[in-house]
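Reading through the structure tokens given below for one structure.
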Amino acid sequence: MPETETVHPLLSLQNITKIFGDLVANGNVNLDLHAGEIVALLGENGAGKTTLMNILFGHYVADEGRVMVRTSSGTLVDLEPGAPQAALEAGIGMVHQHFTLAENLTGLENIVLGTESLFARKFSRSKARAKLQELMQSSGLEVDLDLRVSKLAVGERQRVEILKALYRDARILVLDEPTAVLTPQESDSLFNTLKLLAAKGMAIIFISHKMAEVLGASDRVAVLRGGRIVADLPTSQCDRHKLAELMVGHAVQMAEREPGNPGEEILVFKGVSAGEGRELIENVNLSLRKGEIIGLAGVSGNGQSMLAKVLSGLEEPTAGAVTLGSQPLKANAAAAIQSGVARIPEDRHHDGIVGAMSVEENLVLEEIRKPAYQRFGLLRFNEIRKRAQEAIKAYDIRCSGPLAVSRLLSGGNIQKIVLARTLDQEPAIVLAAQPSRGLDVGATADVHRRLQEARDRGAGVLLISEDLDELFQLSDRIAVIHRGHVSEPMASEELDKKQVGLMMAGHSAKGEQAA
Amino acid sequence: MIRFEPRTNVSSLFALALPIVAGITALALAAIPIAAAGGEVFAAYGHIFKGAFGSKFAFSELLARATPLIFTGLAVSVAFRAKLWNIGAEGQLYVGALAAVAIGSGAISAPSYIMIPLIMLAGMIAGGTLMLVPTLLKTRLGADEVVTTLLLNFVVLLFVQMMLEGPMKDPMGMGWPQSEPMTSAATLPKMMARMRVHWGLVIALVSALVIYIMMKRSVWGFEIRATGENVSAAKHAGIPVTSTFIKVGLISGALAGLAGVSEVAGLKGYLTADISPGFGYTGIVVAMLAGLSPLGVVIAAIFIAAVFVGADSMSRAMGVSSYIADLIVALSLICVLISSLFVRFKVRFVNPKKTKLTAKGDA
């Protein structure tokens, strides 16, 4: 058929609608994808990006609309809904945010997994290896295929995932938040690869909520808001402000950094070691003063979780000591709260809230034994309700009321519950671990404002983050954690993002490779 | 093709209706084996109903049967709420009964207003202590309490048999392996003359109320629920998770122990090794049917007791084996487990005959 590449899309999503209960996750979404282009799917959390991609890949079935793929003869055909196998066969490859690799198998085994017939008498490693060798060369995705995946770094695992898609002759590559776990340098290299693949005629679509990478790497941007496509335009016609406005729906005021007013030391880590492996920290020395924010930069899995656990009172250091003011910190969560450490956990769904319990119960979770909320061991419902209503108002927690089931709230609102619960206790120290991870622009701004307010009130804030923009925007000093070692904090004015990025990858502050 | 899609919210009416539907389904499914055994199906249901509710005597039997089930159902529901999987209510029942007999069959003589609280306390301590072992093994060593509680049942049962054949054997028992009878001061009085239902029922109902209030209104209940729903968030929020598990283990074991006390002191009057036809295990069904709600346990226990008592009478009238009752109870559990799937997922029927596309499949 006389159709040309440019006019006719390789993939066409038509009028996709998906409704969960009362929530329109996707409403009438139309999106075309052509060979050779990189499309960024931009949107806040909960905008429906992942739902859309899951429909495309057959994990969900759309309530309405169709997913059409062009066959090799050039006609558009409906893709069988709800069948990932059909999507794979149609040449759609998906790289999930959380990798789907078997850790106990090698890269090669992971890649061929599922491609060999169950009844084949033996599988020809050499043939697979030859094909992969060729793919690695042409795409620049170098990785040791004979190492077990558990031994691979995160960036390498992602390369295995992409190779897996290429090995199955994917023509369309979908990546869900591909840079979430990468260092800035790894992200750059990923986008170079993607550009190379697109130049060879692949169609690529990646999900993101980071504007910088969308502007840097895509040819076209589709912005989702509230489940609908609100803009679909060439990247060349966009800038940061325009995209932010499209994503949120109104102009956004970004918090500006104001220098803090540091006072005396209130938290000292002295030679602290704990944990092992990816959770190791070794000989950490750090001192936090009143009224300052120290940003701790690092790629996840470099020990920041363990550092947070130690400060949260959940883990006992194997060596060294943590001192709060003049008191040693006890390895007991209740004691940590008692001594004024507010903890905003990294994984708010897992550690922050009890999803099945109500908003009001979660708001008093840490303080339930205080006389304010119980008398003779019996709960004071009126007081709890009053507290919840106050917090819901003060923190603008969007929910149907104090009795709403917390699990059903959005990530931003769940984080607000955690903030209200911890910050309203007027803590001396705030530990904020990845406080804006997965939050939309508005909720992120809110978190930042609250942290700054806590600092201005005189609290010392330890902000653990992978997001360099966030760190530079908030921190008075920045330290970097790499393989469990924490660098000496430096004033943020004296650092730039590139330097910190290199330190996150294991180089010293001056640029040479550390041991 | 059938598809399961997660539900975002569940109406409480729907959640309430499910165990009822599950119970009815289980009864309906029992028609198959009844018919296979040569019974007239509708007549059989009639006999079951009449056997359970048809007379004052039948109803008294039903309540007597429900009493231990309320205790064991409560024991299981409290434990399961904290995700402490206590499968050992059976063993805890027996040690509770053993403790009651040890104290109440003549070792101490005191008026009944002292004896009855005393044997109850002894039974609770015995059951709680027995459950403490797997709980500590779980919190200290991470041992799976499903396995440890289950296996302890057999240990306890053999221990009870040993005691009944040996040191605690009734010398007046004509050689039967049974304990000496409870003294009259240590006996729970009957609630009605010539009927078997006894004051253990009232103790069971009060226990249900106390547990309900504890779970709903107390700090303990709050902490138990938080621990059960998300142990890591509870730990993070400073809730003493380990001591919560220990508390739950003690309360759960104590409740199951009370079932044993109530059986020897209220119904049998002495201990034998077959005092419980699996009340501990049936308690799991009761708790699941009740959706782990303490007040729901009372209703579920009455339902299960009605099935047992009714099926006994049906089997006498029609010659169909009373094993039908066990079958219905087992079916109820299966139905309730399946129905919990419907609470969490919406089921959709999808037409599989849709155009299938392959990469090579040219149109």
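As the structure is a computational prediction, the values presented were derived from the model and not from experiment. Numbered from 1 within each chain, the chains take letters A, B, ... in sequence-line order. Values reported hereafter were calculated over all heavy atoms of this structure, with side chains retained and with hydrogens, waters and symmetry mates removed.
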#### Entry: Distance-only polar pair, side chains of A:S410 and A:N413, donor-acceptor under 3.5 Å
yes
### Pairs of heavy atoms under 4.5 Å with chain B: top-ranked of A:E367, A:R348, A:R343
A:R343
### Task
Look at A:K309 together with A:E279 and state whether they make a salt bridge at an N to O cut-off of under 4.0 Å.
yes
### Message
With salt bridge (charged side-chain N to carboxylate O under 4.0 Å, His left out) as the criterion, how do A:E360 and A:R385 come out once you've worked through the C-alpha distance, each side chain's angles and the decisive distance to 0.1 Å?
### Response
CA-CA 7 Å; A:E360 64 176 19; A:R385 180 65 49 84; 2.6 Å; yes
### Message
What I want to check is whether the side chains of B:N86 and B:T149 have a donor and an acceptor closer together than 3.5 Å.
### Response
no
### Message
We want to know whether A:T422 and A:D424 form a side-chain donor-acceptor pair, criterion being a heavy-atom distance below 3.5 angstrom.
### Response
no
### Query
If you draw a 6.0 Å radius around CZ in B:F80, do more than 12 non-hydrogen atoms from other residues or ligands fall strictly inside?
yes
### Message
Quick check for you: among A:A356, A:P345, A:G313, which has the greatest number of heavy-atom pairs under 4.5 Å with chain B?
### Response
A:P345
### Query
Without hydrogens or angle criteria, can the side chains of A:T51 and A:N26 be said to hold a donor-acceptor pair below 3.5 Å?
no
### Message
Just so I understand: if I count every heavy-atom pair under 4.5 Å between each of A:Q338, A:Q85, A:H350, A:R380 and chain B, which residue has the most?
### Response
A:H350
### Task
Salt-bridge test for A:E64 and A:K18: reply yes if a basic N is under 4.0 Å from a carboxylate O, no otherwise.
no
### Task
Report the option among A:R421, A:Q374, A:M357 that has the most heavy-atom pairs separated by less than 4.5 Å from atoms of chain B.
A:M357
### Query
Which region of A:I368, side chain (C-beta onward) or backbone (N, CA, C, O), has a non-hydrogen atom less than 4.5 Å from a non-hydrogen atom of chain B, or is it both or neither?
both
### Message
Please classify the contact between A:I337 and chain B as side chain, backbone, both or neither, with a heavy-atom cut-off of under 4.5 Å.
### Response
side chain
### Query
With A:D169, which residues qualify under salt bridge (charged side-chain N to carboxylate O under 4.0 Å, His left out), at least two apart?
A:K131
### Query
Pick from A:A333, A:G352, A:A335, A:A87: which one has the most heavy-atom pairs with chain B under 4.5 Å?
A:A333
### Query
Heavy atoms under 4.5 Å from chain A: which residues of residues 287-300 of chain B carry them?
none
### A:F381, part contacting chain B, at a heavy-atom distance under 4.5 Å
side chain
### Message
Any carboxylate oxygen within less than 4.0 angstrom of a Lys/Arg side-chain nitrogen, looking at B:R225 and A:E361?
### Response
yes
### Summary
Looking only at B:I239, B:V219, B:I213, most heavy-atom pairs under 4.5 Å shared with chain A are made by B:V219
